Amino acid sequence: MKFLLISNSTLAEEMYEAMKNFYTNPEIDFIHLASLSTNDFIRKIKNYLLSTSEEFLILCDLYGSTAFNETAYLLQELKLLHRSVIITGMSLPMTFKLYGLKDQWNICSIKSLYQTPDSKNHGIFIYDKEVAI
């Protein structure tokens with residue numbers, strides 16, 4: 001499973017750097033808008049999504065942000081929602097937990113961790129094929 005961190009600011013890169021303090025060469029990718037135009041961000045995300053046939057676990061900083069909206073739109077456009085999920089509210093504890101599970105659990109199992117009645121009260125939103133329809 002591919003693990004991608006996305007954000008409007010440099011948070012995605014900072015999360016990756018934090019993970020490097022605990023894992024040697026963590027298998028995590030990140031893309032952020034801080035140094036890219038929206039079009040360049042879209043192009044980079046699209047190339048990333050088309051680069052593999054693996055499932056995608058995508059953590060995003062904020063629901064409704066440009067990074068979230070453009071990624072969600074591309075997942076729909078490229079018909080990749082069946083093998084991907086975006087979870088918003090990215091934090092270091094969430095990143096650690098999901099990184100440890102990414103190769104042992106599937107997308108459905110991972111979503112179940114955060115599909116609780118009060119998830120949205122904590123800023124966590126799950127975007128997947130059920131939400132998009």
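Everything numeric here is computed off the predicted structure, so don't read it as measured data.
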**OP:** With the side chain counted from C-beta on, respond yes when Ile107 and Arg83 share a heavy-atom pair under 4.5 Å apart, and no when they do not.
**Re:** no

**OP:** For residues Ile45 and Leu4, determine if any side-chain heavy atom of one lies less than 4.5 Å from a side-chain heavy atom of the other.
**Re:** yes

Subject >> ring pair (Phe, Tyr, Trp, His ring centres under 6.0 Å) partners for Phe41, two or more places apart >> reply: none

**OP:** Kindly write out the residues that satisfy side chain to side chain donor-acceptor pair (under 3.5 Å) with Ser35, not counting sequence neighbours, or none if the list is empty.
**Re:** none

Original post:
What distance do Ile6 atom CD1 and Lys44 atom NZ have between them, rounded to the nearest 0.5 Å?
Top reply: 13.0 Å

**OP:** Find the distance between OH (Tyr23) and CZ (Phe96) and round it off to the nearest 0.5 Å.
**Re:** 6.0 Å

**OP:** List in chain and number order the residues that pass salt bridge (charged side-chain N to carboxylate O under 4.0 Å, His left out) with Lys97, two or more places apart in sequence or in another chain; answer none if no residue qualifies.
**Re:** none

Original post:
Is a side-chain donor-acceptor pair under 3.5 Å present for Asn69 with Thr66?
Top reply: no

Subject >> Set of residues satisfying side chain to side chain donor-acceptor pair (under 3.5 Å) with respect to Thr24, sequence neighbours excluded >> reply: none

Original post:
side-chain contact (heavy atoms from CB on, under 4.5 Å) between Met1 and Ile110: does it pass, once the steps are laid out?
Top reply: CA-CA 11 Å; Met1 180 182 308; Ile110 287 173; 3.8 Å; yes

Subject >> Non-neighbouring partners of Lys20 that pass salt bridge (charged side-chain N to carboxylate O under 4.0 Å, His left out), sequence neighbours left out >> reply: Glu17

Original post:
For Glu13, which residues count as a salt bridge (charged side-chain N to carboxylate O under 4.0 Å, His left out) partner, sequence neighbours excluded?
Top reply: none

Subject >> Sequence-distant partners of Glu14, salt bridge (charged side-chain N to carboxylate O under 4.0 Å, His left out), two or more places apart >> reply: none

**OP:** Starting at CG of Leu50, measure out to CG of Leu74 and round the result to the nearest 0.5 Å.
**Re:** 8.5 Å

Original post:
Does the side chain of Ile58 come within less than 4.5 Å of Leu5's, by heavy atoms?
Top reply: no

Original post:
How about Asn25: does its CG atom have over 12 heavy atoms from other parts shown lying under 6.0 Å from it?
Top reply: no

Subject >> Atom pair CH2 (Trp105) and CG (Leu98), whose distance is rounded to the nearest 0.5 Å >> reply: 9.0 Å

**OP:** State which residues pass ring pair (Phe, Tyr, Trp, His ring centres under 6.0 Å) with Tyr73; sequence neighbours excluded, sorted by chain then number.
**Re:** none

**OP:** Answer yes or no: is there a donor N or O on one side and an acceptor on the other, between the side chain of Ser65 and the main chain of Leu62, under 3.5 Å?
**Re:** yes

Original post:
What is the distance from atom CG of Asn8 to atom CG of Leu36, rounded to the nearest 0.5 Å?
Top reply: 11.0 Å

Original post:
With Ser37, which residues qualify under side chain to side chain contact (heavy atoms under 4.5 Å, CB included), at least two apart?
Top reply: Asn39, Asp40

**OP:** Over all heavy atoms of both residues, which pair between Cys60 and Phe68 is shortest? Give the atoms and the distance, please.
**Re:** SG-CB, 3.6 Å

Original post:
Who are the side chain to side chain contact (heavy atoms under 4.5 Å, CB included) partners of Ser91, not counting sequence neighbours?
Top reply: Pro93, Met94

Subject >> side chain to side chain contact (heavy atoms under 4.5 Å, CB included) partners of Ser51, counting only residues at least two apart >> reply: none

Original post:
Roughly how far, to the nearest 0.5 Å, is the CG atom of Asn106 from the CG atom of Leu57?
Top reply: 11.5 Å

**OP:** Verify side-chain contact (heavy atoms from CB on, under 4.5 Å) between Thr71 and Ile42, making sure each step is shown before the conclusion.
**Re:** CA-CA 7 Å; Thr71 303; Ile42 292 167; over 6 Å; no

**OP:** Flag the pair Met90 / Ser7 as yes when at least one side-chain heavy-atom distance between them is below 4.5 Å, and no otherwise.
**Re:** yes

Original post:
Can we call the ring centroids of Phe56 and Phe3 under 6.0 Å apart?
Top reply: no

Original post:
With a 4.0 Å cut-off, would you call Lys102 and Glu27 a salt bridge?
Top reply: yes

Original post:
Considering residues at least two apart in sequence or located in another chain, which fulfil the side chain to side chain contact (heavy atoms under 4.5 Å, CB included) criterion with Ala34?
Top reply: Thr10, His32

